[in-house]
Amino acid sequence: MRNLQLTAKGSSAAMDTSEEERLLGSYDEENFEKISGNFRRIQVSVTGMTCAACSNSVESALMSLNGVVKASVALLQNKADVTFDPALVKDEDITNAIEDAGFDAEVLSEPRMSCTKPHGTLVGHFTIGGMTCAACVNSVEGILRALPGVKKAVVALATSLGEVEYDPTDISKEDIVNAIEDAGFEASFIQSTGQDKAVLGVNGISSGTDLQLLEGILCNLKGVRQFHFDRTSKELEVHFDPAFLGSRSLIDEIENGSYGKFKLLVKNPYTRMVSKDLEESLKMFRLFTASLFLSVPVIFMRVVCPHIPFIYSLLLLRCGPFQMGDWLKWALVTIVQFVIGKRFYVAASRALRNGSTNMDVLVALGTSASYFYSVYALLYGAITGFWSPTYFETSAMLITFVLFGKYLESLAKGKTSDAIKKLVELTPATSILLVKDKGGKIVGEREIDALLIQPRRHIKSTSRRKVIGGTINLHGSLHIQANKVGSNTVLSQIISLVETAQMSKAPIQKFADFIASIFVPVVVTLALLTLLGWYLAGLLGAYPKEWLPENGNYFIFSLMFAISVVVIACPCALGLATPTAVMVATGIGANNGVLIKGGDALERAQKINFVVFDKTGTLTQGKATVTTAKVFSGMDRGEFLKLVASAEASSEHHLAKAILKYACHFHFFDEASTTKDVQTHVLESKFLGWLFTVSDFSALPGRGIRCFIDGKHVLVGNRKLMTENQVTISSDVENFVVELEESAKTGILVSYDNELIGVLGVADPLKREAAVVVEGLVKMGVTPVMVTGDNWRTAQAVAKEVGISDVRAEVMPAGKADVIHSFQKGRNVVAMVGDGINDSPALAAADVGIAIGAGTDIAIEAADYVLMRNNLEDVITAIDLSRKTFARIRLNYVFAMTYNVVAIPVAAGVLFPWLKVKLPPWVSGACMALSSVSVVCSSLLLRRYRKPRLTTILEITID
């Protein structure tokens, strides 16, 4: 299969696909269904937020609802994550609370689930252009919801997308598009749940005759509703009825109808759209260049023209009440202030209307003060003849620099999601379709676009093993049956998990939220105090008049300081310090095989003091093998193994499977046989009738199993099981078991009819990296601990081999959580690493639960981290990445706080009396814009993260 990457069989990097397919399945329901007890968890799209103060307002509104137990708002993703009791709170109450706070809200539909709605409704996706603010979103949503047949409409400002649930019998897609366009916006249909639209690139059209041929084919094709061909882009957009036509059959009909002249390529409608980050960057760039184009002449007239006599004389010409230069500056700056800078006024008014403040308020306040004072100075001069200096250039350059900073910030923020983009790029582009006859025999093959793969279709493979798209096929060809496509694939689920994690908020963000909630009022207060301080000091003669600007006065002198204070303050830097770093870190973790469920888990991991390892399947390979079988009665060895295998056949425990495999080898083949045919036979042998009939089987966690064979009681397990059932353990048996345990093997005792008849020795090899990882953790200041249900001798032997001194053995599954709690005393942060169902209580009890990727889905659901590669080295990667991420976050906070603490006093003129240092408002605006860019760029440095080399951690020198 071309461009589909698969891990070769037997590769050490390979992972059990069936396990990985379970990896994230539980998250579908976890994020949008009941998560525990009677609680539900939903995600809500929130539009209109511009800074941390806005997200604080939304969180406060949600937490004030009776029944909401948890609410987290992600500023960068414009989403809220809410956990609540549905008996007390409804979805509508949540959206109403957000809307009452002054923002727009809509409960998001459940991802990766079928989007087909009851009663024949479809969910259509539309692009909507021309929206600039939340008011536009409200307008479009109101129009859509009022349309007959529309059940639900959600519009996202950030992505310029609309999702509309509608009844196709009452309204068509064209009617929806027309309604949006009639409201003054641009609209186009993307696709619906009916999959009734395809966008195709067409090669082979070179003349009008070719175009007529294409139109003729489509017009005669049953099921085609409408089509449009763009000659410039060579793209064909076809709307068709999925009941009569499929995307692949559509392509086949066009290519066959043209006798091979046309070659078509499917284009994913979502990848054709400009990404949110790129679109925002382009928008900011256009606004910045327009503002710069209008602002440069204003600066030129103020700074350069006085030195060019001819041009300056033209500017001094009087035209009505004002000079020509004043008219020009007024006209140019008015466009910058109210056309290009409209977005600041809209956002500021929305914030004030909601009872909150943000950076837009500061920008609007500072630029308005400069602009309106200049207008006042002109009018006052025209009336009285006393001409004061104007500061139009201050307003224009302020907006220009702020837009420049926003442009750089949007570029930098776009880089934070590069990890997800790389994951998306792993999706194969093309596949080779296998053509079968009615009998299922392969009769041919041909290359198709990967987007045309349909469930249950076959593509190249040579084995019946399951594989996952996005891994690497090193050798040969493969025939693969596509059981999961599109958003149901493991890769898509991983991407979804990373996106969800990036939306979460780390607890350290609360600090920034608090600062943001009081930041703007404090800055405005400081600006007023600066204005009054300098003005009153001037009136009282505290500083000489020589400090005043030419033709200026005390008020103008003071006002410039106040404006500088307003525009140099930057709450955005604080708000971006944590979420940008978390976004980068979760993406980098995913690229390194470490899936992080959220910012809170990332924050806790950097404080880990203890790492508690489960033994079986975590420190060991989980591939138990029987090494010894000794009979202590007169029973034949073959009968003994058959008896034990019959008892263990109903157990799912990995030790039971090892015993069954060993007995099957002995029964059908000689003990040395290791052929693949034997392995295949082992998996099916217990159904061949060679085992005894078993009744009343029961598994006893932490002890073993018991059942009845031929009416006699059979026990298979540890000493505790034998003691509880009054089975005598002779000294010979005890000595043999002790010998096994001291060699790091597990002794399994077998009794038949209350008589101990034999012992099996089972070994589970350690993972090759276990000892080095344990030593590495010690070097990092983390104490490793091993907890197991195995006996003390075996546990201590294994612990000694890997270098763990603290061991907890013979611990029942429920007791593992108690072990975690015991370590948590004294405010220690404890991580648990496990892979099985028995580990899930401990994973949930730990401060940081780390699940091995090849483990059970219930263990993975309970964990905070998922190690995809089933490699213990990733435990070190998880801790190291967390530490480096939060070191970067702290650095971001130090920079953001230091910037504001230093910049605001300098802008207020604290240094002016001694050093004559004065920051013009436009310089202050540039500093403010670049401060948030600096924080985002600081977070982006995490992209340079490399997994720690164990040789470095252990300080090993290799010659």
My understanding is that only residues two or more places apart in sequence, or in another chain, count here; which of them pass ring pair (Phe, Tyr, Trp, His ring centres under 6.0 Å) with Tyr899?
none
By side chain to side chain contact (heavy atoms under 4.5 Å, CB included), which residues pair with Ser64, not counting sequence neighbours?
none
How many angstroms lie between atom CG of Leu287 and atom CZ of Arg343, to the nearest 0.5 angstrom?
7.0 Å
Could you check Thr885 against Ile889 for side-chain contact (heavy atoms from CB on, under 4.5 Å), going step by step and ending with a plain yes or no?
CA-CA 6 Å; Thr885 299; Ile889 289 174; 4.1 Å; yes
Give the minimum heavy-atom separation between Val82 and Val68, together with the two atoms involved.
CG1-CG1, 3.9 Å
Specify whether Trp547 and Tyr543 have parallel, tilted or perpendicular ring planes, treating 30° as the upper limit for parallel and 60° as the lower limit for perpendicular.
parallel
Going by distance alone, is a donor N or O of one side chain under 3.5 Å from an acceptor N or O of the other, for Asn892 and Ser938?
yes
Can any side-chain N or O of Ser349 pair as donor or acceptor with the backbone N or O of Val346 at less than 3.5 Å?
yes
Any Val46 side-chain heavy atom under 4.5 Å of Lys79 side chain:
no
Taking the side chain as every heavy atom from C-beta outward, state whether Pro297 and Leu332 have any atom pair closer than 4.5 Å.
yes
Return a table of donor-acceptor pairs under 3.5 angstrom between the side chains of residues 363-370 and protein atoms on other chains or two or more places apart.
from	atom 1	to	atom 2	distance (Å)
Thr367	OG1	Gln337	NE2	3.1
Thr367	OG1	Val363	O	2.8
Thr367	OG1	Ala364	O	3.4
Ser368	OG	Tyr345	OH	2.5
Ser368	OG	Ala364	O	2.6
Ser370	OG	Tyr391	O	2.8

So Thr390 and Lys329, do their side chains get closer than 4.5 Å, heavy atoms only?
yes
Taking side chain as C-beta onward, heavy atoms only, is Phe912 less than 4.5 Å from Trp534?
yes
Please report the closest heavy-atom contact between Leu881 and Ala585, naming both atoms and the distance.
CD2-O, 3.6 Å
Ignoring hydrogens and geometry, is there a side-chain-to-backbone donor-acceptor pair from Glu99 to Asp104 under 3.5 Å?
no
Under 6.0 Å between ring centres: does that hold for Tyr371 and Phe338?
yes
Calculate, to the nearest 0.5 Å, the distance between atoms CD1 and CH2 belonging to Ile335 and Trp330 respectively.
13.5 Å
Residue pairs passing the side chain to side chain donor-acceptor pair (under 3.5 Å) test with at least one member in residues 291-305, sequence neighbours excluded, are Ser291-Thr400, Ser295-Thr400, Arg302-Glu393
Where the side chain of Thr289 meets the backbone of Arg286, is there a donor-acceptor pair that is under 3.5 Å apart?
yes
Rounded to the nearest 0.5 Å, what separates atom CG in Asp100 from atom CG in Asp93?
10.5 Å
Rounded to the nearest 0.5 Å, what separation is found between the CD1 atom of Ile308 and the CE atom of Met301?
12.5 Å
Interatomic distance, OH@Tyr945 vs NZ@Lys884, rounded to 0.5 Å, equals 6.0 Å
Hey, can you pull the donor-acceptor pairs under 3.5 Å for the side chains in residues 309-326, sequence neighbours left out?
from	atom 1	to	atom 2	distance (Å)
Ser313	OG	Pro309	O	3.3
Ser313	OG	Phe310	O	2.5
Arg318	NH1	Pro321	O	2.9

Are side-chain heavy atoms of Ile180 and Ile143 found at a separation under 4.5 Å?
no
Between Ser882 and Leu602 (side chain of the first, backbone of the second, donor and acceptor by atom type, cut-off under 3.5 Å), is there such a pair?
yes
If you count heavy atoms of other groups shown closer than 6.0 angstrom to CZ of Phe372, is the number above 12?
yes
Which side-chain N or O atoms in residues 555-573 pair as donor and acceptor under 3.5 Å with protein atoms at least two apart or in another chain?
from	atom 1	to	atom 2	distance (Å)
Ser558	OG	Tyr535	N	2.9
Ser558	OG	Tyr554	O	2.8
Ser564	OG	Met560	O	3.0
Ser564	OG	Leu919	O	2.7

Report yes if the side chains of Glu106 and Val44 come closer than 4.5 Å at any heavy-atom pair, otherwise no.
no
Testing the basics here: between Leu403 and Met284, what is the closest heavy-atom pair and its distance to 0.1 Å?
CD2-SD, 4.2 Å
Distance in Å, Ile399 CD1 paired with Leu294 CG, rounded so as to fall on 0.5 Å steps:
10.5 Å
Backbone of Glu603 reached by a side-chain donor or acceptor of Gln606 within 3.5 Å
yes
How close do Arg888 and Leu941 get, heavy atom to heavy atom, and via which atoms?
NH1-CD1, 3.7 Å
